[in-house]
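The basis for the numbers below is simple: all heavy atoms, side chains too, and nothing from hydrogens, waters or symmetry mates. Just so you know, these numbers come straight off a predicted model, no measurement behind them. Position 1 is the first residue of the sequence; numbering continues from there.
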Amino acid sequence: MGLTACGGSKILPVAEAPILEPAPAELASHCADPVTLPGRGLTQAEVEKLWARDRFALTGCGLTKQAVVDFYVRRDAALTSPGR
């Protein structure tokens with residue numbers, strides 16, 4: 001049984017460069033500052049609770065926002081690379 005080759009496919013040039021929107025400002029903005037401590041002495045339990053709450057919020061915010069920024073950087077690089 002003989003197989004015939006198909007005609008070569010042609011890649012058409014892109015007429016216009018894609019319009020790439022930047023990451024929305026609210027998604028790439030600075031994470032919230034830590035909460036303000038009360039103007040009194042704190043117990044060890046209060047310090048630990050407030051510290052843990054701040055660390056959890058700041059870490060989650062930072063990881064989420066970095067993931068959004070990374071997405072836009074990878075997208076833009078993929079769409080604008082000359083060898084695509």
In residues 43-50, what donor-acceptor pairs under 3.5 Å come from side-chain atoms, sequence neighbours left out?
| from | atom 1 | to | atom 2 | distance (Å) |
| --- | --- | --- | --- | --- |
| Thr43 | OG1 | Glu46 | N | 3.1 |
| Thr43 | OG1 | Glu46 | OE1 | 3.4 |
| Gln44 | NE2 | Glu48 | OE2 | 2.9 |
| Glu46 | OE1 | Arg40 | NH1 | 3.2 |
| Glu46 | OE1 | Thr43 | N | 2.9 |
| Glu46 | OE2 | Arg40 | NH1 | 3.4 |
| Glu46 | OE2 | Arg40 | NH2 | 2.9 |

For residues 52-59, run the donor-acceptor check on the side chains, cut-off 3.5 Å, and write out each pair with its distance to 0.1 Å, sequence neighbours left out.
| from | atom 1 | to | atom 2 | distance (Å) |
| --- | --- | --- | --- | --- |
| Asp54 | OD1 | Val35 | N | 3.4 |
| Thr59 | OG1 | Arg55 | O | 2.7 |

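Listed by chain and number, the residues in a side-chain contact (heavy atoms from CB on, under 4.5 Å) with Asp70 are Gln66, Arg74 (sequence neighbours excluded).
Counting only residues at least two apart or in different chains, disulfide bond (SG atoms under 2.5 Å apart) contacts with residues 33-63 comprise Cys31-Cys61.
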